[in-house]
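Here's the structure we're looking at; comments come further down.
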Amino acid sequence: MENQEDIVKTEQTQTSFACDGEKLEATGAELYEMRSELSALRDLFSRRLMNDKQKNELIHTLTAGANFACIEPFLYDLIMLLDRIDGAEDELVQSVRDELMEILERRGVEEIHVTDEFDPRLHKAVRVTESGEVASLRVAGVVRRGYTFAGRVVRPAEVIVSK
């Protein structure tokens with residue numbers, strides 16, 4: 001009888017291993033499916049983050065452009081006013097000019113500092129003089145000052161160039 005009991009125990013053990021093997025195989029398949037799904041979700045999340053970043057950059061660019069378009073005419077008018085009172089001998093007028101320029105600078109308007117080298121992004125040549133000494137375009141003088149706002153040119157500096 002012991003033989004028969006051993007046989008029954010062996011059969012039960014084999015059945016138990018078969019069930020465990022099937023469970024293990026099913027668990028492995030589920031794990032593989034979950035890994036695939038997680039990988040797909042990770043890729044989707046990364047793409048969405050990139051899209052959001054690109055959209056935010058576009059929104060920032062468009063907003064900055066719209067803000068500049070709204071304020072540029074006003075700044076240009078103030079700059080024209082500065083031109084009218086620039087160089088006035090009256091002390092009060094000069095004080096008003098300095099104060100107006102200080103207000104503009106606090107708001108981000110900067111005067112373009114003209115160097116000897118001509119830069120077409122910042123300068124507008126209004127007159128050209130001939131010079132035998134100069135090999136490239138050089139700024140010989142400033143006719144009207146130029147200004148920038150938030151890194152954009154409101155009005156280029158009008159200059160005399162030598163070539």
**Item:** Arg152 atom CZ: more than 12 heavy-atom contacts under 6.0 Å
**Value:**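 Atom CZ in Arg152 is packed in, count exceeds 12.
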**Message:** Testing the basics here: between Ile112 and Ala157, what is the closest heavy-atom pair and its distance to 0.1 Å?
**Reply:**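 Looking at all heavy atoms of both residues, the closest pair is CD1-N, 4.2 Å.
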**Item:** same_hphob_cluster(Phe149, Phe74) at 4.5 Å side-chain heavy-atom cutoff
**Value:**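 In one cluster with Phe149: Phe74, yes.
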**Message:** If hydrophobic clusters are built by linking Ile, Leu, Val, Met, Phe, Trp and Tyr wherever their side-chain heavy atoms come under 4.5 Å apart, do Ile79 and Ile71 end up in the same one?
**Reply:**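 Linked, Ile79 and Ile71 end up in one cluster.
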**Request:** May I ask you to decide whether Arg48 forms a salt bridge with Asp43, counting only side-chain N to carboxylate O separations under 4.0 Å?
**Result:**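 Looking at Arg48 and Asp43, the cut-off is not met.
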**Message:** Closer than 4.0 angstrom, basic N to acidic O: yes or no for Asp86 and Arg144?
**Reply:**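 No, no charged N to carboxylate O under 4.0 Å.
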**Step-by-step side chain to side chain contact (heavy atoms under 4.5 Å, CB included) determination, Val154 to Val109** = CA-CA 9 Å; Val154 176; Val109 176; 5.8 Å; no
Does any N or O in the side chain of [X] come within less than 3.5 Å of the main-chain N or O of [Y], such that one atom is a donor and the other an acceptor?
X	Y	answer
Arg145	His113	no
Ser95	Glu91	no
Ser39	Arg35	no

Reported [atom1]-to-[atom2] distance for the pair [X] and [Y], which is rounded to 0.5 angstrom:
X	Y	atom1	atom2	value
Met80	Arg84	CE	CZ	9.0 Å
Met101	Leu78	CE	CG	10.5 Å
Asn51	Ser46	CG	OG	11.0 Å
Arg155	Leu75	CZ	CG	11.5 Å
Glu57	Thr61	CD	OG1	7.0 Å
Ile85	Asp90	CD1	CG	10.5 Å

With heavy-atom distances below 4.5 Å as the criterion, would you say the side chains of [X] and [Y] are in contact?
X	Y	value
Val159	Lys124	no
Arg106	Ile103	yes
Leu100	Leu81	yes
Lys163	Val128	yes
Arg138	Glu117	yes
Ile160	Val139	no
Leu82	Tyr147	yes
Glu158	Val114	no

**Request:** Hey, can you tell me if Phe118 and His123 have their rings parallel, tilted or perpendicular (30° and 60° cut-offs)?
**Result:**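 The rings of Phe118 and His123 sit tilted, inter-plane angle from 30° to 60°.
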**Asked** What do the steps show when you test Arg42 against Leu38 for side chain to side chain contact (heavy atoms under 4.5 Å, CB included), and what is the final call?
**Response** CA-CA 6 Å; Arg42 187 181 299 131; Leu38 182 61; 3.9 Å; yes
